[in-house]
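The structure appears right after this line, and notes come after that.
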Amino acid sequence: MEFAILGPLEVRTRAGNRIRLGGARQERLLAALLLNPGGAVPVPRLVDAVWEDRPPATADRQVRNLAGLLRRAFRKADPTGPPVLLTDGRGYRIPLDDHGLDSRLFADTVARSRRTAAAGQQSAAAAGLRQALSLWRGPVLDGLEGQLIDAGAVPLDELRLTAWEDCLDLDAALGRHRASIPELTGLVADHPLRERLVGQLMRALHASGRTADALTVHRRFTGRLAEELGLDPSPELRRLHLALLTAGVDPQPEPGAAGAGPAVGPRLAGPPAAGPRTAAPRTSGPRTAGHPDGPADERAGTTRAATASPGGTGPDPGAEADTTHSGPGRRPGVPVPVPAQLPPALATFTGRGAELAALDALAEAAATVGERDPDPALGPGSAPAARICAVSGSAGIGKSALVVQWAHRVRGRFPGGQLYADLHGFSAEPPLTPHAVLARFLRALGVPGEQVPSVPEEAAALYRSMLADRRVLVVLDNARSAEQVRPLLPAAPACLTVVTSRAGLAGLTARDGARPLALDLMPAPDAVALLDRVLGARRARSEPAAVAELASVCGRLPLALAIAASRLAERPGRTVADHVAELRDSGNRLTALAIDDDAASAVRATLDLSYRTLPAAARTLFRLLALAPGSGLTAAAAAALCGERVAVVRPVLDQLATAHLLSHEGGDHYRLHDLLRLYAAERAAAETGHAVTTAARERLGTWYLHHADAAARLLTPHRRRIPLDAPGPWYEPPAFTTAAGAQRWCESEHSRLLGMVRAAAEHGPDALAWRLPVALWSYWFTSPHLDDREEAARLAVAAAVRAGDRSGEGQARNDLATALGALGRHDEMLCELRLARALFASTGDRVGEGSAIGNLGDHCLGTGAYGQARLHFEGALTLLRAEPEECRDDWAIRVCETNIGVTAMLSGRVREADEHLHRALDRHRSTGDPVLESITLYHLGDHLRRLDRPAEAAVRLRQALAVLDGTTRNPRLRADVLAALTRLGEAAGPPDAQGPPGG
């Protein structure tokens with residue numbers, strides 16, 4: 001086989017015939033194997049590649065099934081070829097000694113070309129690299145997404161870029177300067193911060209007589225480097241720039257330098273720098289305007305301050321005029337200090353592009369006050385207001401790192417200085433008072449300590465007066481409340497204040513016009529990039545899958561990521577995979593996310609500070625949230641945990657969301673991310689008694705059970721229900737009142753419903769663990785989640801057996817049988833139905849026995865035993881109809897009547913089929929049963945198709961589609977209806993236009 005991943009995934013036989021794979025899951029599985037060429041990939045890693053963070057319970061088995069399907073596809077395409085997919089220990093591998101892979105060919109060709117270059121054969125080496133680069137058809141595995149795939153593509157992308165750079169160095173050594181300019185221009189546009197490419201373009205332009213253009217390239221690069229990263233170019237690029245300015249000889253670059261070209265020959269042996277080198281920060285310590293060592297424009301007596309424009313260079317025309325004049329709290333003739341109080345930026349800061357852009361927009365607005373016409377929307381006589389931004393987010397989300405990083409980038413736009421204070425709002429130390437901060441700021445602005453007003457209001461007035469004509473950036477970090485911040489806000493529109501807080505600070509938005517900026521968890525690629533920077537590219541790229549998994553285990557929380565990476569960096573002999581295994585143990589994860597000599601920086605410690613500030617009711621609810629299945633829940637489910645009405649609990653949820661210990665997802669939906677969930681479970685174990693926990697878990701289970709029962713009554717009306725005890729006074733009925741609404745609720749709660757079944761099976765009570773899956777049968781019946789349906793049914797059987805409830809066991813086995821039938825496992829279905837029938841008979845449950853016999857008929861339909869199926873359906877009807885009317889299961893009766901019509905149709909008894917199916921359709925419509933109505937319409941369409949009446953068949957199938965779209969949807973039936981319409985030549989549109997085609 002020939003495999004290609006340098007572009008869209010392709011598989012071809014040795015003869016060149018392309019092999020079509022069976023869907024996205026097979027493709028992701030194969031991609032994970034090809035990204036680890038020749039090595040074995042464990043099944044758990046393959047599960048992550050196929051499903052990422054939402055694998056089904058049967059994921060391991062499904063991976064093995066997918067591997068079997070791939071084997072069969074390869075064997076069918078090339079029966080005489082060597083084996084392609086081998087089982088190796090706990091995983092699988094592809095033996096590439098017998099098969100081809102374009103990424104491996106690419107790497108081999110690049111290595112061979114580098115050896116050729118080292119031997120002095122520059123032209124042949126360049127041709128070899130061009131040949132290697134021609135293997136690329138697009139991005140790695142173009143069209144496939146996922147964290148593991150993205151991480152696996154990184155080293156290939158880097159090798160491609162370095163090979164391209166090596167090739168361009170060889171072109172330069174061969175004198176092909178002018179020809180390489182278009183190629184280099186495009187590469188620099190795609191990778192604007194890659195210094196080596198910038199240096200190569202500058203050399204090519206200079207060698208082509210375009211030195212001015214080369215200097216323009218350098219100016220744009222340095223401006224962008226300073227703006228986006230706060231860095232200076234490397235010494236090598238600075239030397240090149242100086243040589244071009246003086247029109248001197250191009251300096252020989254050092255080996256491996258950014259921007260380096262070949263000196264005495266191409267240097268291809270070592271990996272060149274991938275991007276800008278780390279440079280010293282562009283900021284220095286605090287300077288006064290009259291410092292003798294400062295630039296001339298900053299010395300006392302000048303008429304303006306040297307201020308960077310938004311691009312990072314040049315004077316700001318809006319800078320204040322006189323730095324020595326008298327004013328409030330100033331001594332005449334004494335220069336005004338220019339504070340530069342920002343703490344150092346983090347060298348490992350990564351990502352947050354959207355948030356940086358939002359802050360940039362505010363800085364731009366503040367920096368251009370007075371340079372443009374007033375906003376006409378303000379109205380006559382109005383003045384622009386001071387700019388304020390409130391950055392909020394949970395503990396460890398990276399608020400301070402973001403703001404400090406950004407502040408260093410834009411500090412040149414604020415020639416009046418940068419004021420910074422950690423307000424200790426959420427800290428082991430007491431929060432700072434506004435007056436204490438004002439005193440610090442006034443002293444930094446040149447007010448002698450003895451002249452700082454002792455009255456807070458007077459100090460605030462003096463502070464605003466001193467900033468009235470200045471452009472100052474004020475960073476108020478870790479604020480507790482709007483009241484703590486409000487006295488520290490400048491009034492000048494040219495000033496910009498950025499506040500960070502774990503609280504939402506809604507008061508600043510409402511009263512002071514602050515722009516809110518809420519931080520969420522880091523996107524997966526940014527989280528991986530942060531780990532790469534701390535661990536080092538070589539180590540991170542040696543275990544790309546483990547690094548991606550580490551980002552997931554850390555919940556993509558920047559503080560947790562930084563701690564995990566720093567612990568690994570201290571232990572160079574430990575693998576990333578080993579550290580992930582340690583963190584996977586949820587009992588140790590928060591303990592492991594700590595730094596030995598800095599307990600205050602631990603994830604648990606930072607969460608403690610937020611938790612302790614909560615009111616008692618909010619702390620209680622936060623602890624109980626750990627009991628909810630999954631990471632999200634509704635306000636009604638949270639109320640069930642507390643045993644309160646929704647109106648009482650919703651304000652408490654909002655308190656948690658304001659404190660960023662819970663995310664409000666919109667509407668009544670809330671989410672607790674992984675590390676917060678672990679922390680809530682810790683607090684619950686330490687502070688909540690067993691009886692309280694058990695009662696809360698049972699209330700939540702009761703809430704889900706009664707909601708599931710209400711949904712079942714709408715989805716399958718007149719079907720027998722299991723008796724339920726009345727819930728407590730806290731229970732509020734569901735909002736849905738239609739079958740469509742019930743279906744939407746079940747779908748939105750699907751993962752939590754399954755999680756509730758699992759939790760009840762683990763913690764009890766057993767009565768809930770079997771009743772909830774039985775109540776959910778009406779939803780499972782039309783759901784595409786067949787594996788989840790089987791799992792829930794098996795858990796129900798086990799719980800009923802533990803409880804010694806023979807009636808419950810019969811119902812659970814009956815439901816398990818229908819799940820197995822939907823999966824096509826008819827032998828297992830038959831076994832469960834026989835057990836269910838015996839259980840019903842032993843308890844005298846004739847309705848249950850009739851249902852089991854009817855399902856035996858369905859089993860016979862699935863195996864083609866139509867005569868036996870009819871006998872079962874008729875026998876079931878005899879039992880079901882014999883019951884008193886008030887005890888009957890009308891739904892089961894109508895199912896059997898419909899299936900007798902289906903049996904007649906499959907047996908070729910046309911008139912009987914027509915009669916039974918039409919009578920069944922009328923009954924389903926009269927009872928308002930959309931599930932059976934849509935099924936019967938589908939069978940009528942099939943019946944008419946068999947009679948060669950395509951137009952009438954299409955009418956019935958379109959009617960079935962309308963019922964599905966309006967109510968239950970039923971993806972599997974919908975796919976069958978669309979397929980039938982397609983066979984009839986009916987233009988129903990592609991499945992995507994109508995909804996999911998089924999599962």
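Numbers here simply count residues along the sequence, with the first being 1.
- Residues meeting the side-chain contact (heavy atoms from CB on, under 4.5 Å) test with Leu754, sequence neighbours left out: Arg758, Asp788, Glu791, Ala792.
- Atom CZ in Phe622 sits 11.0 Å away from atom CZ in Arg677 (nearest 0.5 Å).
- Listed for the Asn478 side chain is a donor-acceptor partner under 3.5 Å among the backbone atoms of Phe426.
- Taking 4.5 Å as the limit, every side-chain heavy atom of Val528 sits out of range of all side-chain heavy atoms of Asp150.
- With a 4.5 Å cut-off on side-chain heavy atoms, Asp60 and Val63 do not count as touching.
- The two residues Leu714 and Ala739 come nearest to each other via the heavy atoms O-CB, 3.6 Å.
- Within the 4.5 Å cutoff, the side chain of Trp770 has no heavy atoms near those of the Val801 side chain.
- Each of Thr634, Asp654, Leu656 was scored for a side chain to side chain contact (heavy atoms under 4.5 Å, CB included) with Tyr670, with one residue passing: Asp654.
- For the pair Glu543 (side chain) and Ala577 (backbone), a donor-acceptor distance under 3.5 Å is present.
- Looking only at atom types and distance, the side chain of Ser610 has no donor-acceptor partner in the side chain of His660 under 3.5 Å away.
- A heavy-atom distance below 4.5 Å is found between the side chains of Val47 and Val43.
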Practice task
Begin from the C-alpha positions of Val652 and Glu644 and carry the test side chain to side chain contact (heavy atoms under 4.5 Å, CB included) through to its verdict.
Solution key: CA-CA 11 Å; Val652 187; Glu644 297 282 0; over 6 Å; no

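- Atoms CG and OG1, on Leu715 and Thr738 in that order, are 9.0 Å from each other to the nearest 0.5 Å.
- Using modelled atom types, no side-chain atom of Arg744 and backbone atom of Phe736 make a donor-acceptor pair closer than 3.5 Å.
- Counted within 6.0 Å of CZ on Arg515, heavy atoms from surrounding residues, nucleotides or ligands total 12 or fewer; the atom is thus considered open.
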Donor-acceptor pairs are to be reported for all side-chain atoms of residues 635-642 against protein atoms at under 3.5 Å, with residues two or more places apart or in another chain.
none

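- Side-chain N/O atoms of Thr688 and Arg623 include a donor and acceptor closer than 3.5 Å.
- Using a 4.0 Å cut-off between charged side-chain N and carboxylate O, Asp709 and Arg713 make a salt bridge.
- Taking each heavy atom of Val757 and Ala769 in turn, the nearest pair found is CG1-O, 4.3 Å.
- From Leu46, atom CG reaches atom CD of Gln62 across 13.0 Å, with rounding to the nearest 0.5 Å.
- At a threshold of 4.5 Å between non-hydrogen side-chain atoms, the residues Leu621 and Gln655 do not count as touching.
- With contacts defined as side-chain heavy-atom distances shorter than 4.5 Å, the pair Arg502/Leu609 qualifies.
- Across all their heavy atoms, Ser400 and Thr500 have their closest contact at OG-OG1, 4.2 Å.
- Across all their heavy atoms, Gly351 and Asp526 have their closest contact at CA-OD2, 3.5 Å.
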Exercise for the section: List the steps and the verdict of salt bridge (charged side-chain N to carboxylate O under 4.0 Å, His left out) for Asp815 and Arg789. Expected result: CA-CA 9 Å; Asp815 290 354; Arg789 177 181 174 185; over 6 Å; no

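- The CD1 atom of Ile397 lies 10.0 Å from the OG atom of Ser392; values are rounded to the nearest 0.5 Å.
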Ignoring hydrogens and angles, write down the donor-acceptor pairs under 3.5 Å from the side chains of residues 724-735, residues two or more places apart or on other chains.
residue: Tyr731; atom: OH; partner: His707; partner atom: ND1; Å: 2.9
residue: Glu732; atom: OE2; partner: Val646; partner atom: N; Å: 2.8

Exercise for the section: Please assess Asp787 against Arg61 for the test side chain to side chain contact (heavy atoms under 4.5 Å, CB included), listing each intermediate value before the final yes or no. Expected result: CA-CA 11 Å; Asp787 291 330; Arg61 188 183 69 207; 3.7 Å; yes

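- By the side chain to side chain donor-acceptor pair (under 3.5 Å) test, Glu749 is found to be paired with Tyr704, Arg752, residues two or more places apart in sequence or in another chain being considered.
- Pairs of residues two or more places apart, or lying in two chains, that qualify as salt bridge (charged side-chain N to carboxylate O under 4.0 Å, His left out) and include a residue from residues 759-781 are Asp766-Arg802.
- Between Glu682 and Arg604, at least one side-chain nitrogen of the basic residue sits less than 4.0 Å from a carboxylate oxygen of the acidic one, meeting the salt-bridge criterion.
- Side-chain N or O atoms of Arg556 include one that pairs as donor or acceptor with a backbone N or O of Met522 at under 3.5 Å.
- Looking at residues two or more places apart in sequence or on another chain, you find a side-chain contact (heavy atoms from CB on, under 4.5 Å) between Ala708 and Leu772, Ala775, Leu776.
- Electrostatic pairing of Asp477 and Lys399 does not count as a salt bridge here, judged by no charged N lying under 4.0 Å from a carboxylate O.
- Checked options Leu662, Leu557, Val603, Leu607; the residue passing with Leu676 is Leu607 (criterion: side chain to side chain contact (heavy atoms under 4.5 Å, CB included)).
- Ring planes of His785 and Tyr779: tilted class, angle from 30 to 60°.
- Between Pro434 and Leu488 the shortest heavy-atom distance is O-CD2, 3.5 Å.
- With Ser552 contributing its side chain and Ala548 its backbone, the two residues share no donor-acceptor pair below 3.5 Å.
- Nearest heavy atom pair, residue Glu698 against residue Pro765, reads CG-CD, 3.8 Å.
- A donor-acceptor contact shorter than 3.5 Å links the side chain of Gln484 to the backbone of Leu423.
- Within the 3.5 Å criterion, the main-chain N or O of Phe349 finds a donor-acceptor partner in the side chain of Arg533.
- For the pair Asp520/Arg671, a side-chain contact is recorded, criterion being any heavy-atom separation below 4.5 Å from C-beta on.
- Once rounded to the nearest 0.5 Å, the distance linking CG of Leu550 with CG of Leu568 reads 6.5 Å.
- With rounding to the nearest 0.5 Å, the separation of CZ in Arg612 from CZ in Arg683 is 8.0 Å.
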